[in-house]
Structure formats: C-alpha cells, structure tokens
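Shown next, in structure tokens, is the structure this report addresses.
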Amino acid sequence: DDSNFAVSNTITGGSVNFYSLEISPSEFSDAIKLSTDGNEECYFRDASIITQDNTISVNNLQTSRFYCSVSVLNGKIYVIGGYHGTNYLASVEVYDPITNNWSYVCPLSGIRGRHTSFTYDGKIYAVGGNNGSALNTVDVYDPTTNLWAILASTANMITARNGHSGALVGSKYYVFGGNNANLLSECFNLTTKTWSAITSMPAGFGKCEYGSCCASGTDIYVAGGCTGDYNTVYVAYIYDTLTGLWNKLPNLHYSRARHN
C-alpha cells in the first residue's frame, strides 16, 4: 500500500542501478515509476512483474552478453555492445518498460566491450573499451536519427583503456584506471570535446581494472577493482573534482572486482 518503497537492483536478464519504485503520477496512473541513479525515469505498466522479493521480472535480452554497458535515456534502458561467446559485439538493445520488450537499435560504429557509457544532452556516449585491442575512441548515439558516430580524433582519450570506470559530473566525464592505463585518469570536457589528464589514482588500487565508481555532487566515489595480476582490492577513495585530490575512505569489507 505504500506509494514509495525501496527495492533491490536485480533485474532478470540484466542489472540496472536504481533507487526506488513508486506509484507514478496521475498521467501514468496504471504504471509504476523506476527512478535511476542518473535522474532518469522509467515506467512499468504491469505491477505483477514486481516479485515477492522486490526484484523485477522482465523479458530476457535477445543476445546474451557480458562486458557490456548500460545507460538510461528517455525512459528506456540501453544495453550496449559487450562480449558473447568468443566475440565482441556491436549490437545494442533497448528495453521499453511500458511494453516489457527488448528491441535492437542501430549497432555501434564497431565492436566494443569492456567500455563505459553515459548519457548527456539527449545522447549516449560509449567510451573506450576493447575490440581485440584497447580503444581510445568515443562513439555517440543520437536517438533522433538512430545512428552512432565516432567523434573526431581530437576527442580520443589520451590513453586507450578497457575495464575502466567512469562518472559524469556536470558537463565533464571522468574515467579511472583500466587495463592498459594502470592508475592514469582523465576527464572529458563535453563542451570542447577534449580530454585532459587528472590526478592519477592512489597506488592502493594497483592496476585498477574493473573497479566501480559513482558521482555524488562534485565528488566521485571509487571502490574496488583488481591489480595487474588480477588480485582483487579492498580500497575505496573519493575523488574531489573541484580540487583534484583523492581522499581515503575505509576499506571495503570484502575485496572485489567486476561489481556494480
């Protein structure tokens, strides 16, 4: 009977970070709203997909994949690229919570996995990754044309990387670590479409592949990952985007990598 209740972040067939489900406003009186960590909203028409343990049962992806990225745009969930079997993927699927269906949209400009993605100004940006070699390119999706396009070489990352983490703060996108990059970090200015180096990650992160991060205000919380020899780490830090300084947090209870 509550109009606002917390749920877990597990979705059958994939996973998406979100904070809450709630009964939606009157214009969607028969729907349930999903509020994501990117301040986007999705609406589910059928409350019966909410299971007893507060997970959401939805239709499976059309192509099984991992090392993909997930972004929310215009109330829909995009699963981008990744890896299937022995091959990297260019395919992109979009989930419509109104119909509970997945459909393919225009594929990436090329195969890409172990990348990150984010939404900004009505478009999706896929950053770095791997297609057999580490990538430094940025591929951008425009839903109005249903097309992806690689940005000019002047918008390439300074260091090609995959298995990195990334977070958007205002009009700047920050990437940290990753295979091929070790502790190097950099920032993408979405106004000028250029990258600049920022303070490297603390040594405790090791090589920092497959860590995770999220932004809160002007701070970015970075936690976990693995070293060059694939030992997982406990460390967690805050990166202050205003000062460029790293501030230590208490260690995680368990070392981990490839988490969300």
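Not measured: the values here are computed from a predicted model.
Considering every non-hydrogen atom in both Ala236 and Ala223, the closest pair reads CB-CB, 4.0 Å. Considering every non-hydrogen atom in both Pro143 and Leu73, the closest pair reads CG-CD2, 3.7 Å. When every heavy atom of Ser185 is checked against every heavy atom of Gly177, the shortest pair comes out as OG-N, 4.2 Å. Closest of all the heavy-atom pairs between Phe205 and Val222 is CZ-O, 3.7 Å. Between His115 and Ser69, the shortest heavy-atom distance links the atoms NE2-OG, 3.0 Å. The shortest non-hydrogen separation linking Ala203 to Leu183 is CA-CD1, 3.8 Å.
Judged by distance alone, with hydrogens and angles left aside, the side-chain atoms of Asn180 form no donor-acceptor pair with the main-chain N or O of Ala134 at under 3.5 Å. For Asp139 (side chain) and Ser109 (main-chain N/O), a donor-acceptor pair under 3.5 Å exists by modelled atom type. A donor-acceptor contact shorter than 3.5 Å links the side chain of Glu93 to the backbone of Gln62. Judged by distance alone, the side chain of Thr199 and the main-chain N or O of Gly244 form a donor-acceptor pair under 3.5 Å.
Asn146 and Tyr141 share a donor-acceptor pair across their side chains, judged by distance under 3.5 Å alone. Ser91 and Arg65 form a side-chain donor-acceptor contact under 3.5 Å, judged by distance and modelled atom types alone. Side-chain atoms of Thr119 and Tyr125 form no donor-acceptor pair, as typed in the model, at a separation below 3.5 Å. Residues Asn130 and Tyr83 bring no donor and acceptor atom of their side chains to less than 3.5 Å of each other. Defined by atom type and a distance below 3.5 Å, a donor-acceptor pair is present between the side-chain atoms of Thr63 and Tyr104. Counting only N and O atoms by type, the side chains of Arg114 and Tyr88 include a donor and acceptor under 3.5 Å apart. Side-chain contact annotation: Asn156 with Thr137, donor-acceptor N/O pair under 3.5 Å absent.
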message = What verdict does the side-chain hydrogen bond (donor to acceptor under 3.5 Å, both in side chains) test give for Ser71 and Ser117, after you've listed the backbone C-alpha separation in whole Å, the side-chain angles of each residue and the deciding distance to 0.1 Å?
response = CA-CA 6 Å; Ser71 289; Ser117 64; 2.7 Å; yes

Pair Tyr120-Ser171, side-chain contact (heavy atoms from CB on, under 4.5 Å): steps then yes or no = CA-CA 8 Å; Tyr120 180 79; Ser171 60; 3.4 Å; yes

request  = In sequence, state the C-alpha distance, the side-chain angles, and the governing distance for Asp96 and Asn101, and then conclude on side-chain hydrogen bond (donor to acceptor under 3.5 Å, both in side chains).
outcome  = CA-CA 6 Å; Asp96 185 340; Asn101 285 319; over 6 Å; no

key: Criterion ring pair (Phe, Tyr, Trp, His ring centres under 6.0 Å) on Phe176 and Trp246, from CA distance to verdict   = CA-CA 12 Å; Phe176 304 99; Trp246 289 91; 5.4 Å; yes

inquiry  = Is there a side-chain hydrogen bond (donor to acceptor under 3.5 Å, both in side chains) between Tyr173 and Thr116? Walk through the geometry before answering.
reply    = CA-CA 11 Å; Tyr173 183 70; Thr116 57; 2.8 Å; yes

task = Kindly indicate, with the supporting measurements, whether the criterion side-chain hydrogen bond (donor to acceptor under 3.5 Å, both in side chains) is fulfilled by Tyr95 and Asn59.
result = CA-CA 9 Å; Tyr95 177 73; Asn59 288 329; over 6 Å; no

task = Applying side-chain contact (heavy atoms from CB on, under 4.5 Å), run through Val79 and Val92 and close with a yes or a no.
result = CA-CA 6 Å; Val79 176; Val92 179; over 6 Å; no

ask   = Is there a side-chain contact (heavy atoms from CB on, under 4.5 Å) between Tyr221 and Ser216 once you walk through the steps?
value = CA-CA 8 Å; Tyr221 292 73; Ser216 177; 3.9 Å; yes

query = Given the rule in the side-chain contact (heavy atoms from CB on, under 4.5 Å) test, do Leu151 and Lys193 qualify, once you have shown the distances and angles that lead to the verdict?
reply = CA-CA 8 Å; Leu151 293 182; Lys193 300 294 192 294; 4.1 Å; yes

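Residues Ile111 and Val127 do not share a hydrophobic cluster, defined by chaining ILVMFWY side chains whose heavy atoms lie under 4.5 Å apart. Cluster membership for Met201 and Tyr239, using ILVMFWY side-chain heavy atoms within less than 4.5 angstrom, is shared. Taking hydrophobic clusters as Ile, Leu, Val, Met, Phe, Trp and Tyr residues chained together by side-chain heavy-atom distances below 4.5 Å, Trp195 does not share a cluster with Tyr174. At a threshold of 4.5 Å between side-chain heavy atoms, the hydrophobic network of Ile, Leu, Val, Met, Phe, Trp and Tyr places Val70 and Phe118 in two separate groups. One hydrophobic cluster holds both Met157 and Val140 under the rule that ILVMFWY side chains link at heavy-atom gaps under 4.5 Å.
You'll find the side chain of Leu249 reaches within 4.5 Å of the side chain of Ile238, heavy atoms only. Contact annotation: the side chain of Ile80 never approaches that of Cys68 to less than 4.5 Å [non-hydrogen atoms, C-beta and beyond]. Taking the side chain as every heavy atom from C-beta outward, Val169 and Asp219 never approach each other to under 4.5 Å.
In this structure, Arg112 CZ and Leu135 CG are separated by 5.0 Å, a value rounded to the nearest 0.5 Å. To the nearest 0.5 Å, atom CG of residue Leu168 and atom CG of residue Leu190 are 6.5 Å apart. Rounded to the nearest 0.5 Å, atoms OH (Tyr234) and NE2 (His253) are 11.5 Å apart. Atoms CG and OG1, from Leu252 and Thr232 in turn, are 10.0 Å apart once rounded to the nearest 0.5 Å. Atom CD1 of Ile220 and atom OG of Ser165 lie 8.5 Å apart (nearest 0.5 Å). Here the CG atom belonging to Asn162 is positioned 11.5 Å from the CG atom belonging to Asn136, to the nearest 0.5 angstrom.
Ionic pairing of Glu186 and Arg161 is present here: one or more N-O contacts between side-chain nitrogen and carboxylate oxygen are shorter than 4.0 angstrom.
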